[in-house]
Structures are given as structure tokens and as C-alpha cells.
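Numbers restart at 1 for each chain; the letters A, B, ... are given by sequence-line order, proteins then strands. The basis for the numbers below is simple: all heavy atoms, side chains too, and nothing from hydrogens, waters or symmetry mates.
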Number of protein chains: 2
Amino acid sequence: MKKRVSIKDIAEKVGVSTALVSYVLNGKEREARVGQEIAKKIRKVAADLNYQPNLIARGLKFGRTNTLGLIVADISNPFFATLARSIELEAQKNGYTVLFGSSDEQLDKSQNLINTFLSRQVDGLIITPVAGSQSQIEELKTKGIPFVLMDRGFSDLETSVVVTDNHEAMYSAVKLLTDNGYRKIGMIAYDTPLTHMQDRIKGYKDALKDAGIRFQSKWLKKVPFEDYKERVARAVLQLIDKKSQPVDALVFATNSISVQALKIIHAQKLVVPDDLGIISFDESDAFEFFYTSITYIKQNLNEISKKAVQTLLKNINSVTPKVERVIVPSTIVVGVSSGKKLKEKVVV
Amino acid sequence: MKKRVSIKDIAEKVGVSTALVSYVLNGKEREARVGQEIAKKIRKVAADLNYQPNLIARGLKFGRTNTLGLIVADISNPFFATLARSIELEAQKNGYTVLFGSSDEQLDKSQNLINTFLSRQVDGLIITPVAGSQSQIEELKTKGIPFVLMDRGFSDLETSVVVTDNHEAMYSAVKLLTDNGYRKIGMIAYDTPLTHMQDRIKGYKDALKDAGIRFQSKWLKKVPFEDYKERVARAVLQLIDKKSQPVDALVFATNSISVQALKIIHAQKLVVPDDLGIISFDESDAFEFFYTSITYIKQNLNEISKKAVQTLLKNINSVTPKVERVIVPSTIVVGVSSGKKLKEKVVV
DNA sequence: CTGAAAGCGCTAACAC
DNA sequence: GTGTTAGCGCTTTCAG
């Protein structure tokens, strides 16, 4: 690779010091009262040489790189990819560039990414934290590194965080089902202590309670991230098992769970919503061709990312950063899958 | 943000020069013959202070940052997100971190990203180039910046590039259709001169020719990236129009086109494959619940990304980089949608 | 064995 | 008005 042209090259060519070049190129010729002639000359040579400032050098000088680190669970997951896209946009608007990495919900990968990004002197981090990573996050706090959690947080840790209204969203989803006559409502969620999941579960339970329905523990199935596919399949089969008081509706805590569950429901030839009402948290392309339209909670991903970047930048630019919790409202897109329950079901 | 701990802090604390610290921390104590005692002490203090090397400073020193720039069309598109994921993985394996950005198929955004990444002194670029960006790419060449194109390239430009076997893939897809008895095969593609699309189109035409079918220009519909949805819808309606010799099979050049087209086909109540054979280039989650399984060409995205990174790294590390064209084989996943055409169709 | 010092590219306080 | 220089954190040559 050829040597890139530096401020020094320009200085030599024009016959001035690098200082003058720097002043002129940063539009500070007024303050430094650089001569008109010389300024013009410098600009011309810079253009001729196709000069591009070295942001690495500038970063070293200023101790800030105008780079953000983004750690998501998995960038290939459309949910996170969509967040990444808006983050990129908002960051760019503010003159920042984004480094990214995927944690795969694994503690060691998360720690590695944090270390790598810090070594690269990012100005701040946007993180979808992994379960059990409190100590990693706390270290950021003690080190005074600006960061914001996104999508999920910890109940036992005071941090800036931007999330969806998980509780309300799931509450209103389940309420929609109870209002439509469903009484035995099951839920499949991921088995994690992270707040987004806990809040969704709480929303589900609270909605049942407010509808005067007594929650039954067998209705709630928690599956691990690892081989969630099999586990979701098993959970669905248990929940709809005819021999033991099957549920009449199901809510799914994420789109990945939904898609997998719908496959089983389809394979079992259950009719949605007549046999089983359905609501999903988040949408999926796969809903497109399911034989009936799926009711789902639509998070405002765009707003979440925007707020995440803005909150982070506020932190970066403030001398006394303060913890900020942002909750972004979601909407519910009503399809056929949560439709009114048939009152009288003919038992054959 | 608190001051991060530097080599200097360690040196002061131990009471040696920064040089020694540098040697020890880089495992070069042997060459520099640093004393055992002192080395141990340095290491201890470094650990105590939780020292993280400043890669920015190192980058400035070495003129290399161990950072790659990735420019895709749109990171929120699962296709590119999946590529990004594997690139991240392969880059990490080699000690690189990835900056990313989306070009939206737009020339100015592409140029902006290139500039930004170069200013940040990335060691190389992986680019899915935008139509008409030859000059941008050529400038990289003249500047001697290592880069590799991915997914698509230019027919009029000699560059390193990693792509799928677009021609063969589409050829064999169409051959599958002709072998199964389809004779009037249409195609919907994006309207772009980029090689991936041109190669797919050529594969389609060549397969027709080899099957003894004369290509009809009205069979090939090219739609622009912008509002492709409407345009695809219109194209499908034209191709299946009963009044004017409708096609009996369709191939789609990308998954986004496929999903949109299938929606229309579904809405029009056409039966796949009886009324219409279907093959898609690339898969989509949405195929999951289409009423019949879709035959599709499966690119080896993992291999493409891996090769892209490897080719780029070879370029970066070689004094005399050479242009390398890598073609990654794809497979065809056969579903029901391309099944044998019913010989005698009962006309009502 | 150890350390001073130069230099990567850039900026800004401070001389001249 | 204009230019010198120190220094950001790190590496490495060369002198002690």
C-alpha cells in the first residue's frame, strides 16, 4: 500500500510548517491569522494531493475517536440487524462510526468484545447484555466508560438503558386474548433473568390476574437459548396435549420462538385461532405466508436505536453523566390469530 | 471518563522506563534480555492496574490498525447480515475488528463510507459495490488500498472479487425446470449492470437455449431497486396474464423478489407448481409457511465471507498483491415448487 | 541488562 | 502575523 499523504507532505510542498496547514485545513485560519495567500495555496495543494486527514492520529491527540462499539447478541438475526442499521444511521448523523460484534449470548465473547473495543478506544458502547454479565458492565461503570444497554437490562444494576415497554406490551397482548374470550393462555419464553424476558412474563401474569384467571405454572414454558428449537417444539406439544387440559391460546416471547412454535402448530394441524389463539412478540418474515395473519407486538426498533445512540452521546459529552432509563412504546398489530374465541365449540 | 492506564503509568509505578514495559508486555523480554525480577514486577503491576494497550497509538506507530471496513448494501437485510456475521468471525480469528456501513445501493453513500473508513485508516475494505461505482473502486486501486469485492463485481474492471457461481447456479435451476417439462419460463431480476445479476440472467438464457427453447424478451422483467415491490407485483401480473400466453414457470433473481412475487401469486390463487413452477435465488424465512416448499439456490454465504476476508488479508500482507477471482459453488435445494409439470392439463 | 529518544500524524499553546 | 514545539501512547534503535 502506498503511503498516505499527511499534513507534513503538504507543509513541505508549500514550504510552511505543519501547524499552518493544520490551522487552515481546520478552518481556523482566522484565529491563527494565517495569510490569505498562503491559506489558498495550502488548500490547493491539499486538494491536489487528495489529502484525507488521519483520524487515528487525531484520535490519539484528543483521546476520542468518534467511534462507537456495538455489541449485539447476533448480527445475523434480523432483529439485531435492524437495530444495527438504525444505529449506524444515527451514529453517522453525529459524526460517529460503528464497530460491531456478536456475543452469541456468551459471557466470554461479550467480555472479549468489550476488551477489544476498549483497546480500540471507542468513545462509548451500546450493548445488548448477556445474562450474568453484570460484573462486566459494572467494570465499565467503575472505569467510567460511557455505555448504554439496549433491548434488555439487569434488575439489580443501575445503568442507562433503552428498552421497549415489555411489561405493558405483553400485558395488553394477553388482555386482548382474555377480552376475546380465551381463558387458558400459555406462554413460551426464553429462560433468562434479563429484564426484557422477566418483564414480558410479568406482563403476562398480571394480565391473567386482572382478568380474574388463576395462573397455572404448567402454562409457562421457559426454554434455553441453546437448542431452543427442540425445546420449543416439546413445549408446544405439552401445552396443546389433549389429554391434559390443553391451553386455548399461546403467546410467544420472541419471533424466533413464534416461528418455531407455528411450525409445530401447523404440523399438528391445529386451526388458528379456532383451536388456538396466537400472539407473537416481534414480527417475522415467516408470518407472511402463515395461513392466517398473526397478531404481534411491534417494537419501535428505529426509535430504540435512535434513543440508544442519543443517550450514549449525552453520556459521552457530559462531564457528569447520569443514569437514564428510556422506555419506548410499542404497538400491537392485530391479525386474525387472536380473533374472538368461538363460544360454543362442537365436541365430536 | 477516567484516564485510561498507559504504559507510562506502569513504568512510573515500577520505576523503570516505558521501553522495558513495552518489551515485557509484548513478550520480547528475551530479545531485550530484561531481568526476570523486573519482568515479573512489570507484569504484576500491569495486571493490577488492569492495563489495556491502546491500539490507536499502536496503529499510529505501525501504520496499520487491524481494522477492516465492511460496506454492504443494507445491513438490515438478512442476506448481508449473515455475510457480516461470518466476516466478523473470520476477521476476529485473524485479530481484526470490523467497521461497517450500508450503502443503500447509492453512489454518494458508498463514497462517503469509503472516505470515512480510509480516514480511519482501515487496513482494507470488503465491499458489495454499488452500480456505477467503478471510479470509486478504481481510485482504491490507484491508491493501493487493499480491497475485495463481494457478492458482485464489474465486468469492466479487474479486481479481486468473491462471488457465488451465479451463472451455473441459475443455469442449473432453469435446467431443472426444463427437464421437468416447463417450456415458458419467465424471470424477474433487478435492473442493474452488476455482474451478479447479469450472470444470473445469462445463466437463465443459456439454459433456455440449451433446452432448445427460444427466449422471448417479454419473459424477462427487470425491476429497479427503488419501489421494487410494486414493480415486481406488476411484473408478475403481466407474466401470468391469461390473455397473452402466460408463462408456466418463474425464476426469481433474489429472495426479496421471490417473497414479493409469491405474495402476488398467492393472492391470485395460482397453484404452485401446477399452474406455475417456481425457483428462487436465495432462501427466505418467509418460505417457511408458503403452502408448498420452494425450490431455491442456496449460496454458501459462510464460505463467501470467509474467502472474502482471506483474500483481503492476503492482499494486505503481500507486497505485490494480485487480483484474485474466487467463485464459490452454490447448491440447489429442491422443493415441490419446481416439480414435474403435469403433462395434460385439463382445460375447463 | 536498561533507558533515552525519535517518530507515527495531528493540534494548540506559546514563542518569535 | 507566522512558525516552533511539545505531546497524545506506543515501539524500537541505539547508546550506555
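Within the 4.0 angstrom heavy-atom criterion, no nucleotide atom of any strand lies near A:Val21.
Ranked by how close their nearest DNA chain C nucleotide is to the 5' end, B:Phe62 and B:Tyr23 are led by B:Tyr23.
Atoms CD (A:Glu37) and P (D:dG1) sit 14 Å apart, rounded to a whole Å. In this entry the distance linking CD1 of B:Ile7 with P of D:dG7 reads 18 Å, nearest Å. Atom P of nucleotide C:dC8 and atom CG of A:Leu60 are separated by 13 Å, given to the nearest angstrom. The distance between atom CG of B:Leu20 and atom P of C:dA4, rounded to the nearest whole Å, is 10 Å. The interatomic distance linking A:Ile42 (CD1) with C:dT11 (P) rounds to 13 Å, in whole Å. In this structure, CZ of A:Arg120 is placed 15 Å from C1' of D:dG9, rounded to the nearest angstrom.
Taking the side chain as every heavy atom from C-beta outward, A:Val148 and A:Val162 approach each other to under 4.5 Å. B:Ile327 is listed as a side-chain neighbour of B:Val163, based on a closest heavy-atom distance under 4.5 Å.
Taking the side chain of B:Ser17 as heavy atoms from C-beta on, and the options D:dG9, C:dG3, D:dG3, the nearest nucleotide is C:dG3.
Contacts of residues 51-58 of chain A with DNA chain C (heavy atom under 4.0 Å): A:Tyr51, A:Pro53, A:Asn54, A:Ala57, A:Arg58.
In terms of the ring pair (Phe, Tyr, Trp, His ring centres under 6.0 Å) criterion, A:Phe62 has no residue partners (sequence neighbours excluded).
Inspection of the B:Asp151 and B:Thr128 side chains reveals no N or O donor paired with an N or O acceptor under 3.5 Å. At a cut-off of 3.5 Å, with distance as the only test, a side-chain donor of B:Ser102 or A:Glu88 sits close to an acceptor on the other residue.
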Checklist line | CA sep, side-chain torsions, deciding dist, call: A:Asn50, B:Glu139, side chain to side chain donor-acceptor pair (under 3.5 Å) | finding: CA-CA 11 Å; A:Asn50 200 354; B:Glu139 205 187 321; 3.2 Å; yes

